[in-house]
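Numbering of ligands and ligand atoms starts at 1, following listing order.
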Amino acid sequence: MSFTHAVTRPENADELASAILGHLTYTIGKPTDAATRSDWRLALTHAIRDLVIAPWFDSVRRSYAEDRKRVYYLSMEFLIGRLLEDAVDNIGLGDMARDALEGLGQDWREVLDDEPDAALGNGGLGRLAACFLDSMSTVGLPAHGYGIRYDHGLFRQSFHDGWQVEEAEEWLRQAHPWEFQRREVQYRIGFGGTVTPGEGDAAHWEPGDAVLAAAYDTPVPGWGGKWTNTLRLWSAKPERLFELDRFNQGDFVGAAAPAILAQTISRVLYPDDTTPQGKELRLKQEYFFSAASIRDLMRRFLIDHEDLSQLPDKVAIQLNDTHPAIGVAELIRVLIDDHGMSFDAAFELARGTLHYTNHTLMPEALERWGWDLMQSVLPRHLQIIEMIDRRHEAENPDRPDVTRIIDHGEIRMGNLAFIGSCRVNGVSALHTDLMKRTVFADLHALHPDRIVNVTNGVTPRRWINTCNPGLRNLINDRIGDGWVTDLDELEKLRPLADEAGFREGLDAAKRANKVRLSNWLADRGAGTLDPDALFDVQIKRLHEYKRQLLNILETAALWNEMREHPDRDWPSRVKIFGGKAAPGYAQAKLIIKLINDIGAKINADESLRGRLKVVYPANYNVSMAEKLIPAADLSEQISTAGMEASGTGNMKFSMNGALTVGTLDGANVEIREAVGPENIFIFGKTADEVHALREHGYDSRPAIEADPRLARVISQIESGEFSPGDPDRFKGIGDTLRHHDWFVVTADFSAYWAIQRRIDDAWKHREDWLRKSAINIAGMGRFSSDRSIRNYAERVWQAETME
Ligand code: 26W
């Protein structure tokens, strides 16, 4: 049955303009003279959405007809950002849409900037999931993203007197036309209750409490709109919306309480991106979406397959870190209790279907749930986890205790995910190697072929093509636009690095982005920035291992040096920071305050004549990154070696021509291989050297005594020079650096200072800088998330891509 009333693709801007006007009138219900900016954005969105629907239906129909293996990406986070411009570009209507809207008297950028970010994630893990969705559609892989439709995403950050303040994020306050509620898709998700034994390994679980998981679908059009996958997000709904009897007794709050309680499950994203809070609600969130997703994918499998043994051939489930690891027990429970399988058969089938990605080595970030909590919230799953652990013990009688899933009253979700999966991967070559040598060393010894590496990547659609039109046009002019779906094409730019004309084009594109950013920042009270200054950018979550502290210590030392030697030919530099701290992470919040206090002091210092500025725009998010990254000259990737699993910002910066200053950590190692050691600024201790320093209990005194610049800055901080109103404010930071510098900031300071001075000199050699910039772009082919997804398809999922 073909579509008779399919919306036809507009031939020109006028046709698209009339489609927009049509939606403004009939969908939004506004005449042009009463339309707000949001009304115009929503009207445009509906007009573009219409063009996504038919390919979406086709993709769904084809995936059933061709019965190809399906991939299910289970993630607690999808840091999507804005969708409109990405969708417009992906279906190839970028220029036409801009012309249509401006033909209707609207400002393109202002209308696009009106869209709230879908901030359904904390940082790297969530953004990677969003890039992977774009790539799975673009390479034509039948795939679903499964997650939670949080009412409130990552908190809004504002600064009050330099201190971070959090406010609830409200992305759903406005209409969100990209989602479709599927009212017919609802699953009852139980919690607590009792378990009574059944036939064989089966049991009957009678939950004490339950909520409904309601599905909301968002289309994910790939580049060219040829294949469109689905992101299905679950929202918690009460089984009964309203307790009338309580209301009639005048207990108005009680009447709504059960409903409110139920909805709490998908109310808000937990804002921690390292240390789990271990809260019951978080466990319920993890089970809620894992269970709904597994019920849903099993229903889809059983539509046209009755032989369950085919499951691993037709379904690949990817666990995005341990957050959906309870899904291992849930899939086995469903196979035993609902499909009558034996435990062993169910375990092997599930293991063949499940795959786990680890994104961090930090012990405190590995989730462990209390035995008691699991017993009270998920009693049947605890039984199954015990069966999995016993089976693993039986198969590996001399396994060391660290490989146990249940130990000392805790459930180790990393071990459950590892033992319950047939493939486990790290996210960069160094990280995967460290996984085998540290957190999973013992499990790796027992299962030597289970761990593989899949280095992260980012989508070149959002992170070059859409956010950097100047660079896009320059590249298209020189090598065509094949790079958008085959990023290795960028290699063709390498010889152009030696061509003055191309370097000039790069310089012009970068400068235009810096002017655009300066204006944007100026509108946000950052004062005027010199677009010819070196834009030195560190944007990422605030965490001690990412060492924003090292950056601001060097900045303060530079300030000291510039004041002592005002006549030296200092290149102008703008230090740009962006990033949120988890609300409960006091040290990170103190570092934010220190950056803002030192920044205020430096920015007020007239004697510098503007040659050093510190800027920290509040509420760093995906759409701000899209403005900052194209304007960056220098990318700060300075984590303590061995602690940043991969990094993905590092890839985005290099793709946009910024040079990297960084440690040999995560994917920085592979970026250096790709661009060449002469085109990147590497410094600092290696992962093994950091390990050795810590092994003997690192003492920072010698490093501080050996570097007067460092010593001076630490005493300035401790003495309150940057906090005259509260001299003791930063004593804690001084104390950490002197007595427990776990992140070896002091050990790397001198090397960092030295390389920043080398960068000062390199910046003065414009042509050589631009040559390096061109080579960085040319070398980025391998860091496309399309390559990552193809690796997953080959090494992990054994799934076929279309392209
Ligand atoms: C339970 C609390 C919690 C929440 C999120 C613990 C850990 C996380 C994430 C794993 C943290 C995260 O985002 N890790 C980052 O993942 C990126 C994508 O692979 C990597 O590039 C980063 O190096 C890594 O820090």
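Distances between N or O atoms of Ser646 and those of ligand 1 include at least one value under 3.5 Å.
In this structure, Lys284 satisfies the cation-pi test against Phe191, with its NZ or CZ atom closer than 6.0 Å to the six-membered ring centre and inside 45 degrees of the ring normal.
A distance-only check finds a donor-acceptor pair linking the side chain of Thr459 to the backbone of Arg461 [under 3.5 Å].
Qualifying side chain to side chain contact (heavy atoms under 4.5 Å, CB included) partners for Arg423, counting only residues two or more places apart in sequence or in other chains: His355, Val452, Val796.
If you check which protein heavy atom lies closest to atom 13 (O) of ligand 1, you get Leu125 N, 3.0 Å. Distance from atom 5 (C) of ligand 1 to its nearest protein heavy atom, with residue and atom name: His323 CE1, 3.5 Å. If you check which protein heavy atom lies closest to atom 2 (C) of ligand 1, you get Thr274 O, 3.4 Å.
If you check the side chains of Ser623 and Asp117, you find a donor sitting under 3.5 Å from an acceptor.
Of all atoms in ligand 1, numbered sequentially from 1 with element shown, those under 4.0 Å from a heavy atom of Ala645 are 23 (O). Within the listing of ligand 1, atoms 1 (C) sit less than 4.0 angstrom from a heavy atom of Arg282. Which parts of ligand 1 touch Val427 is read off a 4.0 Å heavy-atom cut-off, strictly below it: atoms 19 (O).
The aromatic rings of Phe132 and Tyr73 lie perpendicular to each other, with more than 60° between the two planes, well past the 30° mark.
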